[in-house]
Amino acid sequence: MKILLLHSDYIEYEVKKKTRFAEQFEGKGARIDEALVVFVSVEKGDTEETALRAVEEIRDVAGKVNSDKIVLYPYAHLSSSLADAETAVKLLRFMEEKLSDDFEVHRSPFGWYKAFKISCKGHPLSELSREIRGEEIELTQALKDEEKAKSYWYILTPDKELVDVEKFDFSNYPNLRKFVDYEIAKRRAVDQTPPHVELMKRLEIADYEEASDSGHMRYYPNGRLIKSLLEMFVTEKCIEYGAMEVETPIMYDRAHPTLRKYLERFPARQYIIKGDKRDFFLRFAACFGQFLMTAQATITYRHLPLKMYELTRYSFRKEQRGELVGLRRLRAFTMPDMHTIVRDIEEAKEEFYNQYKLSVEVLKEIGLEPDDYEVAIRITRDFYEENKDFIHSIAEVLNKPILIEMWDKRFFYFVLKFEFNFVDALDKASALSTVQIDVENAERYGITYVDSDGNEKHPMILHCSASGAIERVVYALLEKAHLSAENGALPMLPVWLSPTQVRIIPIAERHLEKAIEIAQTLNENRIRADVDDREETTAKKVRDASTSWIPYIAVIGDREIEEGVLTVTVRKESTLKGQKRVKMTLEDLMDEIKNETEGKPYKPLPMHFMLSRRPSMR
RNA sequence: GCCACGGUAGCUCAGCAGGUAGAGCGCGUGCUUGGUAAGCACGAGGUCGCGGGUUCAAAUCCCGCCCGUGGCUCCA
C-alpha cells in the first residue's frame with residue numbers, strides 16, 4: 001500500500017465520471033477544511049494487516065500535525081501494482097472504520113474520475129509519503145536495492161587514470177558517450193521500432209508469437225540455424241576453455257530455503273508455475289542447478305579452478321512489459337552460463353582476467369569487434385582500492401576507456417563484474433558478455449573444498465556468460481549490419497552464420513542440371529548451397545539472392561559451362577552501385593569459403609536446396 | 001497501471017464528411033528460355049481484431065473489451 005499525506009487548508013473535489021470499478025455514490029463532491037488528506041493506492045498483496053499499519057502511520061502523522069479531520073482519497077497513480085478493485089474498496093472501508101474511532105473521517109468514492117483542488121499548508125511535515133509493505137512476492141530485495149544503490153561514475157582511461165565521468169573528454173569516443181548517457185541518464189528519446197525487428201522478420205529469422213506471452217519468440221528455420229550455430233560455437237569455446245558441460249532443471253521449488261535467499265539477491269522477476277503441491281519458479285540462469293550440483297560434489301584444492309557450463313535454453317525473466325523489444329530483451333532467452341569455483345581472491349582475479357580475454361575472443365570470432373561494444377566495470381570501492389593494479393591490467397587488454405560504476409557498499413552478491421555493452425542504431429545499450437566474482441553464494445549453497453591444510457573452506461565463484469544471450473548476439477549482428485548499410489556497405493551476416501552461403505543461379509533451364517550438381521558438391525563439402533530453380537529472370541533471381549544477404553551468388557550459363565568456371569558475385573566486396581564479380585572455379589570458391597569459416601561449426605541447409613520446393617514462412 | 005499510435009488479403013499498407021472492399025508484393029495459371037537488384041498477361045484470395053449501440057444502411061460514427069508497438073510509471 002502506498003499513501004501520500006498532505007496537511008491541507010482545504011480540499012475540494014467533484015465527481016465527474018464513473019470508471020467500471022465505480023462504487024455506488026449519490027453525492028456530487030465535498031469540501032473539507034483543515035484536514036489531513038491521505039491519498040491511497042491499495043496494492044497487490046495488501047491485507048487488513050497492511051491496512052492497520054497504514055492506519056497507524058496516519059494516526060501518527062495526524063498527531064504530529066495536530067489534525068482531527070482525515071480525508072481518505074483513493075488514488076491509483078501512486079502504484080504500478082494495484083490490487084483488484086474489490087479488495088481496494090474493502091480495505092479503504094476498513095481503514096475508514098478504524099480511523100473513525102478517533103477522527104472525523106471523510107472518504108471520497110472509489111472508482112470515479114474526480115476533479116479536485118487542494119491547498120497544502122507547506123510546512124515541513126505537511127507532505128509525507130509512506131509505503132506499507134504487504135506480502136510482496138514479485139519484487140525481490142535485489143530489485144529494491146538496485147533502486148537504492150548510490151552509484152559513482154568514472155572513466156578509467158587507457159593511461160590508467162580514473163577520471164570523474166563529468167570531466168572526461170568524450171570527443172574521440174562517441175560510442176562510449178552514447179553508452180554512458182544511456183547508463184546514467186537512462187534516457188530514451190527514440191520513438192521508432194529498432195531496425196533489427198524489421199530485419200529479423202524480413203530475413204525469416206524470428207518473429208513475435210502472439211499466442212505466447214510477450215517476449216517469447218518463434219524462430220523460423222533460418223533463425224534456428226543461426227541460433228544453433230552460435231550455441232554450438234560458444235559451447236565449444238567454453239568446453240575448450242576447460243568447462244564440464246552439464247544440464248539442470250528449468251524450474252525449482254520456490255520455498256527451497258537456499259534458493260529463496262538467492263532469489264532475494266538477484267534483480268529479476270520470475271515466472272511462477274503451480275505444481276501439484278509446491279509452487280515453482282522458472283530459472284533465470286543456470287546458477288541454481290550448478291550450485292546444487294557443486295555443493296554435493298567432493299572437491300579439493302587440486303581440482304581448482306573447476307568450471308561447469310550449461311547452455312540454458314531457456315532462461316526466463318519476467319521483464320516489465322514495456323522493456324521488451326524484439327530480440328534485444330526477452331522473457332525467454334538462451335544464455336551460455338559458466339561457473340568457476342576458485343580457491344581464493346587471487347585465483348578469482350586470475351580467472352576473471354582470463355575470462356575477460358575469452359569473452360573478447362568469443363565475440364570477435366562471432367563477428368563483433370571491440371569497436372562494436374563498450375566496456376563497463378562495476379565494483380565496490382573497497383575492492384577497487386585494494387586491487388587497483390589488477391583493474392588497470394584489465395584496462396590494458398583492449399586499450400580503450402572503460403566506464404566504471406562504483407558503490408560504497410556491496411548491494412549484490414558480487415564485488416566485481418564487467419560487461420561488454422553493444423550500442424545499437426538507436427543509441428540504446430545492452431550487455432553481451434559478462435563475468436562476475438561472487439563472494440556470497442558458496443557459503444549460501446554450502447559449497448566447500450578441502451584445502452591443502454586439510455580444512456574445508458568456502459571457495460569464490462565466478463559467473464561467466466562468454467557471449468551473452470544468444471538472441472541478443474543475433475540482435476547485435478543485425479543492428480551492426482544495419483549500421484554498416486547506413487555507411488554504404490551491403491549489410492550481411494558473417495559467412496559461417498549465413499543460412500545460405502552460396503546461391504547457384506542457372507541462366508536457363510538447360511543449365512539446371514549442372515547447377516544442381518554444383519550445389520550438391522558444395523553441400524557434400526559442408527558448404528550451404530542452394531539452387532534458384534524458379535522460372536524467373538536472372539535479374540530477379542540475383543535481386544532476391546541479394547536481398548536475402550547471400551554472401552556468394554554464383555551464376556551459371558553457357559559461358560561458364562564452356563570455361564568450367566562460375567561467375568560469382570562477392571557480397572562483402574560489393575556495394576549497391578558496383579557489384580564485385582569474379583570468375584572462379586568451384587574449387588577456388590570452396591577454398592575461399594572454407595578459409596572464411598574455418599574453426600566454426602557447421603550445420604546443413606535449414607530448408608530444401610531447391611528454391612521452388614521451399615515455402616515462404618510468413 | 002498511465003499516455004500515444006496501431007489491428008483491413010499470406011506480407012506491407014490505402015480506404016474512414018456512412019451507400020456492394022482497394023493497391024503493390026507474394027501465391028496460382030499461361031506466355032516468355034532468360035546474362036547479374038523486380039519480364040508480360042490473366043486469376044484466386046477478405047466475418048475490415050471482438051462485442052454492443054446509433055442508422056434504412058457501419059470497415060467508416062459512438063461505447064466497451066482484447067491484442068500489438070513505442071514511451072511513461074510521476075524520484076518532489
Side-chain angles (χ1 to χ4, degrees), chain A residues 2 4 6 17-21 39 41-44 75-85 88 113 120 122 124 126-129 131 138 147-148 150 185-194 197-198 201-204 207-217 320-326 328-329 426 428 490 503-512 532-550 552-562 566-571 574-583 611-612 614-618:
Chain A
K2 293 216 174 70
L4 175 66
L6 300 178
K17 206 174 154 194
K18 278 181 171 183
T19 68
R20 64 198 164 101
F21 309 112
F39 292 98
S41 283
V42 182
E43 299 182 287
K44 280 202 184 83
Y75 198 68
H77 313 293
L78 297 171
S79 170
S80 58
S81 175
L82 291 171
D84 58 275
Y113 290 108
C120 176
S126 68
E127 300 176 71
L128 295 166
S129 71
E131 180 179 359
E138 286 160 63
E147 283 165 18
K148 276 194 310 216
K150 161 103 172 122
K186 307 249 183 209
R187 246 201 119 66
R188 311 162 176 208
V190 198
D191 63 343
Q192 51 171 301
T193 309
V197 172
E198 162 112 8
K201 292 182 182 183
R202 196 174 60 68
L203 296 171
E204 294 192 353
D207 209 337
Y208 297 112
E209 174 53 76
E210 286 175 23
S212 183
D213 190 19
S214 309
H216 294 242
M217 314 298 278
Q320 294 189 73
R321 172 57 199 68
E323 294 178 322
L324 305 169
V325 220
R328 187 163 92 95
R329 204 160 160 110
L426 302 180
K428 299 190 183 188
L490 288 178
R503 166 76 39 92
I504 314 287
I505 298 181
I507 297 282
E509 215 172 295
R510 64 178 178 279
H511 310 118
L512 182 58
D532 193 342
D533 60 327
R534 298 171 308 163
E535 291 196 26
E536 298 288 350
T537 58
T538 305
K540 174 71 176 287
K541 291 176 182 177
V542 168
R543 181 186 152 81
D544 285 349
S546 302
T547 53
S548 308
W549 296 8
I550 292 172
Y552 296 94
I553 303 171
V555 168
I556 180 156
D558 292 338
R559 299 206 288 266
E560 285 77 11
I561 289 177
E562 193 176 316
L566 294 165
T567 307
V568 180
T569 303
V570 183
R571 185 173 183 83
S574 302
T575 62
L576 201 49
K577 288 191 181 108
Q579 283 159 43
K580 167 89 171 181
R581 278 182 218 126
V582 200
K583 284 200 170 174
L611 259 64
S612 68
R614 229 179 243 189
S616 151
M617 298 305 292
R618 59 191 298 263

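Note that this is a predicted model, so its numbers are computed, not measured.
When distances run from any side-chain atom of P194(A) to the nucleotides G39(B), G70(B), G35(B), the shortest one goes to G70(B). Of the candidates G39(B), G35(B), A37(B), the closest approach to any side-chain atom of T537(A) belongs to G39(B). The side chain of T538(A) lies closest to G34(B) when the candidates are G34(B), A37(B), U12(B). The side chain of S214(A) approaches G68(B) more closely than any other nucleotide in the set A37(B), G35(B), G68(B).
As a whole-Å value, the separation of I561(A) CD1 from G35(B) P is 16 Å.
A distance of about 8 Å separates the C1' atoms of A21(B) and A59(B), rounded to the whole Å. Comparing U32(B) with A58(B), their P atoms sit 50 Å apart, to the nearest whole Å. Nucleotides U55(B) and G18(B) have their C1' atoms positioned 9 Å apart, rounded to a whole Å. A gap of 16 Å separates the P atoms of A14(B) and A23(B), to the nearest Å. Separating the C1' atom of A37(B) from that of C31(B) is a span of 24 Å, rounded to the nearest Å. Taking the C1' atoms as reference points, G15(B) lies 14 Å from G19(B), given to the whole Å.
The partner of U33(B), taking Watson-Crick or G-U wobble pairs whose two distances both stay under 3.5 Å, does not exist in any strand shown. The pairing partner recorded for C27(B) is G43(B), the criterion being a Watson-Crick or G-U wobble arrangement whose two distances lie under 3.5 angstrom. The partner of C56(B) is G19(B), judged by Watson-Crick or G-U wobble contacts that both fall below 3.5 Å.
Among V542(A), I553(A), V555(A), the single residue meeting the side chain to side chain contact (heavy atoms under 4.5 Å, CB included) criterion with T569(A) is I553(A).
Within a 6.0 Å radius of CD in E509(A), other residues, nucleotides and ligands contribute 12 heavy atoms or fewer.
Salt bridge absent: R503(A) and D544(A) never bring a charged side-chain N and a carboxylate O closer than 4.0 Å.
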Using atom names, set out every protein N or O paired with an N or O of nucleotides 25-33 of chain B below 3.5 Å, distance rounded to 0.1 Å.
{"residue": "G26(B)", "atom": "OP1", "partner": "K540(A)", "partner atom": "NZ", "Å": "2.9"}
{"residue": "U32(B)", "atom": "O4", "partner": "E535(A)", "partner atom": "OE1", "Å": "2.9"}
{"residue": "U33(B)", "atom": "O2", "partner": "E509(A)", "partner atom": "N", "Å": "3.1"}
{"residue": "U33(B)", "atom": "N3", "partner": "E509(A)", "partner atom": "OE1", "Å": "3.2"}
{"residue": "U33(B)", "atom": "O4", "partner": "E509(A)", "partner atom": "OE1", "Å": "3.0"}

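At G35(B), none of the side-chain N or O atoms of T567(A) fall inside 4.0 Å of OP1 or OP2 (strictly under the cut-off).
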